[in-house]
Amino acid sequence: MKIAIIGTGRVAAALGKGWATRGHMITFASRQPGSEKVAALVEAAGPRAAAASVADAVARSSTVVLAVPFSAAQETLARAGNLAGKVLADCTNPIAPGLRPLYDSSTSGAEQIAAWAPGARVVKAFNTTGAENMAAPAYPGGAATMFLCGDDELAKAAVWQLAEELGFEPVDAGALAAARHLENLALLWIHLAQVNGLGRSIAFRLLRR
Ligand SMILES: NC(=O)c1ccc[n+]([C@@H]2O[C@H](COP(=O)([O-])OP(=O)(O)OC[C@H]3O[C@@H](n4cnc5c(N)ncnc54)[C@H](OP(=O)(O)O)[C@@H]3O)[C@@H](O)[C@H]2O)c1
């Protein structure tokens with residue numbers, strides 16, 4: 001799969017390295033694709049990785065992963081070119097100061113992103129756990145769960161596969177509006193890890209019987 005990862009930070013590095021290792025072609029989309037920092041990331045991700053501007057990376061990829069601060073999402077998508085028909089995995093978390101949700105329960109960051117990226121097949125994913133878990137989702141009790149949701153079943157299946165390849169147990173949480181819950185779950189993960197002192201080596205796992 002040809003995947004553009006917009007962003008070159010912690011989430012982009014974990015996902016990009018993981019998928020490049022598993023045979024996908026990764027283009028890291030950066031505001032400064034020629035910078036030393038980005039060159040180091042490309043080298044660390046291996047021969048299937050490259051860097052480009054946001055518009056170029058999106059143009060050459062069928063799947064786009066948005067891994068920028070939510071505050072930069074609208075402007076970033078405006079620079080991305082035509083996203084119609086592309087799978088757009090949204091990893092962002094819209095967080096207001098004081099670790100509060102930016103939106104009330106009538107919408108979500110993912111639904112805003114769908115409005116800012118007309119025609120994109122938006123899937124919320126990779127937002128409910130830390131970047132360290134994206135690099136290593138295996139725990140003694142089993143694989144960490146990766147919740148995802150979206151309105152396009154084929155797009156969701158593609159992101160499901162990408163989550164599974166990294167070692168997660170994917171769980172379909174339903175339509176894109178369920179991102180309201182996934183974004184709140186992310187707040188709980190951050191609260192537990194950073195406020196409540198559990199640290200970042202924690203992950204959610206859905207149990208069944
Ligand atoms: N860190 C986590 O554990 C984690 C877990 C789940 C979800 N998330 C979410 O995933 C997203 C990325 O998180 P991250 O931790 O990877 O962030 P990060 O390390 O700060 O990296 C963000 C990247 O976004 C790009 N960017 C584009 N516009 C930007 C702007 N105006 N200001 C700053 N950076 C900008 C930058 O790449 P260039 O400079 O190359 O353009 C930067 O490397 C966020 O929405 C976050 O809430 C994070």
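Ligands are counted one by one from 1 in listed order, and the atoms in each one are counted from 1 as well. These values consider heavy atoms only, across backbone and side chains, with no hydrogens, waters or symmetry-generated copies.
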State the atoms of ligand 1, each with its element, that fall below the 4.0 Å cut-off from a heavy-atom position in Phe70.
-> 45 (O)
By number and element, which atoms of ligand 1 are closer than 4.0 Å to a non-hydrogen atom of Phe126?
-> 6 (C), 7 (C)
Under 4.0 Å from any heavy atom of Cys91, which atoms of ligand 1 are there?
-> 7 (C), 8 (N), 9 (C), 10 (O)
Of the backbone atoms (N, CA, C, O) and the side-chain heavy atoms from C-beta on, which set of Thr129 has a member under 4.0 Å from an atom of ligand 1: side chain, backbone, both, or neither?
-> backbone
Proximity of Ala72 to ligand 1 by residue part, where a heavy atom lies under 4.0 Å | side chain
Are Leu148 and Leu185 joined in one hydrophobic group, where the rule is that I, L, V, M, F, W and Y side chains link up if heavy atoms are under 4.5 Å apart?
-> no
Aromatic ring pairing Trp19/Phe126, orientation class (parallel under 30°, perpendicular over 60°, tilted between) = perpendicular
Would you call Arg22 and Glu165 a salt bridge, taking side-chain N to carboxylate O under 4.0 Å as the test?
-> no
Should Val122 and Leu182 be regarded as members of a common hydrophobic cluster, given that ILVMFWY residues are connected when their side-chain heavy atoms come within less than 4.5 Å of each other, either directly or indirectly?
-> no
Output the list of atoms in ligand 1 that are nearer than 4.0 Å to some heavy atom of Thr92, sorted by atom number.
-> 45 (O)
At a 4.0 Å threshold, what atoms of ligand 1 neighbour a non-hydrogen atom of Ala131?
-> 2 (C), 3 (O)
For ligand 1, note which part of Gln32 has a heavy atom under 4.0 Å away: side chain, backbone, both or neither.
-> neither
Counting from 1 in the order shown, the ligand 1 atoms closer than 4.0 Å to a non-hydrogen atom of Arg200 are 2 (C), 3 (O)
Could you see which bit of Glu75 sits under 4.0 Å from ligand 1, with heavy atoms only: side chain, backbone, both or neither?
-> neither
Atom 35 (C) of ligand 1 has as its nearest protein heavy atom Arg31 NH2, 3.3 Å
Cluster link Val11 to Val38, ILVMFWY, side chain under 4.5 Å = yes
What atoms of ligand 1 come closer than 4.0 angstrom to any heavy atom of Ser30?
-> 38 (P), 40 (O), 41 (O)
Check the pair Phe147 / Lys124 against side chain to side chain contact (heavy atoms under 4.5 Å, CB included), numbers first and verdict last.
-> CA-CA 8 Å; Phe147 297 99; Lys124 187 87 199 184; over 6 Å; no
Hey, mind stepping through Arg200 and Gln194 against side chain to side chain contact (heavy atoms under 4.5 Å, CB included) and telling me if it holds?
-> CA-CA 7 Å; Arg200 297 180 65 86; Gln194 297 181 359; 3.1 Å; yes
Measuring from the heavy atoms of Glu132, does anything fall under 4.0 Å of ligand 1?
-> no
Starting from atom 48 (C) of ligand 1, find the nearest protein heavy-atom neighbour and note its residue, name and distance.
-> Val11 CG2, 3.3 Å
Within a distance under 4.0 Å of any heavy atom of Gly130, pick out the atoms of ligand 1 and give their elements.
-> 3 (O)
Decide whether the shortest distance between a heavy atom of Met134 and an atom of ligand 1 is less than 4.0 Å.
-> yes
Donor-acceptor under 3.5 Å (Asn133 side chain, Ile202 main chain) = yes
Can you tell me the protein heavy atom closest to atom 20 (O) of ligand 1 and the distance?
-> Arg10 NH2, 3.8 Å
for atom 11 (C) of ligand 1, nearest protein heavy atom and its distance come out as Val68 O, 3.4 Å
Check: Ile95 main-chain N/O paired with Asn93 side-chain donor or acceptor under 3.5 Å = no
Looking only at non-hydrogen atoms, which of Pro69, Ala186, Pro94 approaches atom 22 (C) of ligand 1 most closely?
-> Pro69
Side chain, backbone, both or neither: Phe28 near ligand 1, heavy atoms under 4.0 Å | neither
Pair Arg180-Ser105, side chain to side chain contact (heavy atoms under 4.5 Å, CB included): steps then yes or no = CA-CA 7 Å; Arg180 301 167 195 182; Ser105 58; 5.5 Å; no
